[in-house]
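Contents: one structure, followed by commentary.
Here is the naming used below: chain letters follow the sequence lines, and residue numbers restart at 1 for every chain.
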Amino acid sequence: MDTMFSAFETMVKSVSDWVTLAFDRPSARAIVFGVPIKGHLLVEGLLFVVILFLLSQKSYKPPKRPLTKKEVDELCDEWVPEPLIPSITEEMKYEPPVLESAAGPHTVINGKDVVNFTSADYLGLLGHDKLQESCTKALEKYGVGSCGPRGFYGTIDVHLDCEARIAKFLGTSDSILYSYGLSTMFSTIPAFCKKGDVVVVDEGVHWGIQNGLHLSRSTIIYFKHNDMESLQSILENVTHANKRTKKLRRYIVVEAVYQNSGQIAPLDEIVKLREKYRFRVILDESNSIGVLGSSGRGLTEHCKVPIENVDIVTAAMGHALATEGGFCTGSARVIDHQRLSSSGYVFSASLPPYLASAAITAIDVLEGNPNLITKLKENIATLRKGLLDVQGLEIVSDPESPIVFLTLKKSTGSIKGDLQVLQDIGDYLLKEHSIFVATSKRSTVDKCKLPAGIRLYISAAHTKTDLEKACESFKKATAVVLADQ
Amino acid sequence: MLVANRVSFVIFELITESESLNKQKRKCDLFCLKSDFCENLPNAAYDVTLTDDSWAEEVFNSIIGNTSKTWERLDSGSLVSHSFELESKVKTVYYGAPALITYRIPTKSKLQAELEQTGFVAVRLTYTSKSQGGAVPPLRRPPPDQIAADSSKMITIPYLTALTTYFSYGLLFAFGQLRDFFRKIIDWWSKSSLQDCFNRPISSPPDAWFDVVERISNDNNKTLKRTTRVNRCLNLGSYNYLGFAAADEYCTPRVIESLKKFSPSTCSARVDGGTTTLHAELEECVANFVGKEAAVVFGMGYVTNSAILPVLMGKGSLIISDSLNHNSIVNGARGSGATVRVFQHNTPSHLEKVLKDQIAEGQPRTHRPWKKILVVVEGIYSMEGELCQLPEIVSICKKYKAYIYLDEAHSIGAIGKTGRGVCELLGVDTADVDIMMGTFTKSFGSCGGYIAGSKELIQYLKYTCPAHLYATSISPPAAQQIISSLKVVLGEDGSSRGAQKLAKIRENSNFFRSELQKMGFEVLGDNDSPVMPVMLYNPAKIPAFSRECLKRNVAVVTVAFPATPLLLARARICISAAHTREDLVKALEVLSEVGDMIGIKYFPAEPKKQQLEEGRVKLE
């Protein structure tokens, strides 16, 4: 006890000594405004303690009051959701005509034979004997579905054969099959374009591409529809505005033949821009494989661009190849990457084997009959010529495009209004003249702003009489329908 | 649901009758059937009612075992099964099936012992206490954290397994880094040691047995070349639930006829010129089958999900999605622009919490109320084999006015008495499910998907869904395959093949699952589900399991990260109605052998089958 007490005493003494010493130190003898302050160090020390004390105190915060259980329940009770879907209007009740036979150049609707311009069977391969035969064989051998994704025993030997056949046909090193045309683009794009990448894309691309871009979360810049100057200025801006861009992955996405307008992308110019600004090109050849180029190898052949200069080529097989599904082709690395990271490939059941086998046969037939393409080109020219002097409608599609796209010369002012007029023309054609055409209907989620039109898919199997009849009927129909407007 | 020590949860009701004959009915939520539960029971005789006919025999055998003399059979009674109040966190063990047999267990200690032995059982306990004082002893609930730990969907991994798994991945990662670092110097390192376990090509229909094409590699699995050699293997990988994958006596001739009439494709979108009479017929058939007013079909299941969600939901709406939903739903939700929240896999209580919080809070930042809320769940989770807890989820959604989107990709056609999926199996009225989605790839052996709902919903979707407007319509022969197989399932083909197939897949699934469990494999999923994942955990066991099984002519699918969480690599077995009992017995022999070899029997095997057989003989 004593020792503790004495220790305390010594401590107090030493502190008081230290304080006296501090007060007496030369530095402590400060003179402020002529007033000598003895011991300002002590004052500062005290201030320091006060500051520390204040800092240690919690700052004032308004008290948080989470919602009580009762309040939450009330909110839940009060909340009224919107209906799942908007109320049904008259236009939503539209029912498309029901086909009673195969969707060839001629089909049967309501028991009547009609000329069909809604089927993108450009080469007339639908119902081709060889395709039917290969399908039948495949159906007998493999059944209908593949019952599994490619990774899990859904890879059937015809899939591999089909991939090899496509690659061989297009002169690429490998290709990959998708089980649906629409999913091809929206799986391929997110497999390559990631967050932060720059994608320059035509404003007229179809929904599959739009959705793919949305899913990729990349920075998306639209250029004017099929306008190379607009593309160039945007590429220029993108590359020069920001130095960081050079470190980013950059893509240009275009369609070979635009489904929404029938225009053809000038690939040669795009490839030049690709070289100049060092972008990668993703090209959707859905409507050009089997159509463009002297042997049907698509836009690359048409524009005489080596296919290696296009980084990624995708296509749906539900058009010229008269089957279903889609493929992507390119270098082996591009394809290998998709086999592990493309969601539509990894997470979806594979293409029914008979459709893959049909695709192989379709390519064989196409390679064996280049006259199909010549015939198609003749048909396109005939129809375009016949439709030139149709009143009130104009052709906006490219002269070589197998999609002849007709828009109203005098728009009603809204896409909806235009569509209604065009649909009336279509309905009249089907009812009175047995010509079956389709308008370019647009989903509410589709961001494309291009004008609506009537889309005629021309086939090599259309006869001259069919085409002439169509032209004549169009003239009569527009005269009747547009006169009412 | 899995608990490490094989003692599962039991839903039961305790009905006591006191001396004063005041009937007291106590509903007890859910208990971990461990001995500590029994400690609190009075010592009396207990009646145990087995409540699911499909397991009755199996449970019967495992309970009776060699102590059959102590059990006394009473009568067959029935049970009001829906009176259970389920603790939403925990698995619903069974639904709706009538009780079969009631047994009397003479003493508490016997009960304790019996229940300890029993695996996955749903029982109703009734005991009659003739002791003094009518007070019902308080039942001791396990502390809440114990319930959470036991009953959450977490798979309990043995500590050592977790450690070695992490170690293996660490090793893989380190070597990967090293390889990247020295890539320029050594490029000979194999690309992936797993390469040969995936994408194995086959050269026959994916039926019960199929031909797997042999592949060879000259560069350490970097590239694989196909050879002309094939192996006839038992198929435990394809989603061929009803066995419609191969040529079928009823379907195939009709499919070929349709091919002749309609060609393989329409080359046109549904809304343009892609609607044939077959498509119209198919939509009607599907709507009738699933029990909705109308339906719309698409050519691909994946597109069905990813193109519908953006149409229904948009900015200002909320999608609440199960954490283990399929990628197509995830992509659809992402593509819609709606806010997405996730609830714990198959946990209605958490769903309720999320719903409550979200409705109270409203949209982020602006706090405006949500426009609408859609809860997206699957019928059977394909990687887990679990059934959706639909009744609970439906009641919660009703309470909070949220819409329900049910993806029946794996369940339609495969479960339910007449194959109508999870709604039928769990007794949910289809009117309570707003949007029913499913695919034709699995049970019906075709391709494509459907959405079924009210007439207005389908009209709206047909007006605006991009997959309907832009995508090539479903191939006519594939549509015919669906129509024909649906007719077989419904018995409209004039035979009972459909009913037989449905009975067979249920029988096969339950047999295979229980046998696997008896062997000591860690099997996920619920009874009746034809999907059963077998846990592998360690990455080195993935190729080992796959290759060893293939060597013995059994083809299985192995799944690992990123399709599953890192630690939870698994093999997935899909049972088909096309499998015969001999096929399954053979498969079990192979799996058992391989399982012993690579050490994936994480549980002790149950007493030898022989004893069970003896028990069965005695009873008969």
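Using a 4.5 Å cut-off between heavy atoms, B/Ala467 touches chain A through backbone and side chain atoms alike. Contact of B/Ser473 with chain A is made through the backbone alone, with heavy-atom distances under 4.5 Å. Within the 4.5 angstrom heavy-atom criterion, only side-chain atoms of A/Leu67, from C-beta onward, approach chain B. Residue B/Ser443: no heavy atom, backbone or side chain, is found under 4.5 Å from chain A. With a 4.5 Å cut-off on non-hydrogen atoms, B/Asp434 touches chain A through its side chain but not through its backbone. Looking at A/Ser350, neither its backbone nor its side chain comes within 4.5 Å of chain B, counting heavy atoms on both sides. Contacts of B/Tyr400 with chain A are made by both backbone and side-chain atoms, with heavy-atom separations under 4.5 Å. Residue A/Leu126 touches chain B through both its backbone and its side chain, counting heavy-atom pairs closer than 4.5 Å. Contact of B/Arg270 with chain A is made through the backbone alone, with heavy-atom distances under 4.5 Å. With a threshold of 4.5 angstrom between heavy atoms, A/Ser440 does not approach chain B through any atom at all. Of the two parts of A/Tyr122, neither the backbone nor the side chain holds a non-hydrogen atom closer than 4.5 Å to a non-hydrogen atom of chain B. Only the side chain of B/His326 comes within contact range of chain A, with heavy atoms under 4.5 Å apart. There is no contact between A/Glu74 and chain B, counting heavy-atom distances below 4.5 Å. For chain A, the nearby parts of B/Ile202 are the backbone and the side chain; heavy atoms of each come within less than 4.5 Å. Using a 4.5 Å cut-off between heavy atoms, B/Ser204 contacts chain A through its backbone alone, with no side-chain atom that close. Contacts between B/Ala269 and chain A at a heavy-atom distance below 4.5 Å are absent for every atom of the residue. Contact annotation for B/Ile435: only side-chain heavy atoms (C-beta onward) come within less than 4.5 Å of a heavy atom of chain A.
Top candidate by heavy-atom pairs under 4.5 Å with chain A, chosen from B/Ala307, B/Pro264, B/Ala247, is B/Pro264. Per-residue heavy-atom pair counts under 4.5 Å with chain A were compared for B/Gly337, B/Gly301, B/Gly335, and the maximum is reached by B/Gly335. Across B/Leu374, B/Val330, B/Val212, B/Thr266, the residue that shares the most heavy-atom pairs under 4.5 angstrom with chain A is B/Thr266.
A donor-acceptor contact shorter than 3.5 Å links the side chain of B/Lys401 to the backbone of A/Asp77.
The aromatic ring centroids of B/Tyr470 and A/His206 lie 6.0 Å or more from each other. Here A/Tyr153 and B/Phe210 bring their ring centres to under 6.0 angstrom of each other.
Residues B/Gln481 and B/Ser485 bring no donor and acceptor atom of their side chains to less than 3.5 Å of each other.
Under the 4.0 Å criterion applied to side-chain N and carboxylate O atoms, A/Lys137 and A/Glu133 are assigned as salt-bridge partners.
Checked against side-chain hydrogen bond (donor to acceptor under 3.5 Å, both in side chains), A/Glu163 has the following partners two or more places apart in sequence or in another chain: A/Arg150, A/Arg339. Remark: A/Thr361 pairs with A/Ser134 by the side-chain hydrogen bond (donor to acceptor under 3.5 Å, both in side chains) rule, at least two apart or across chains.
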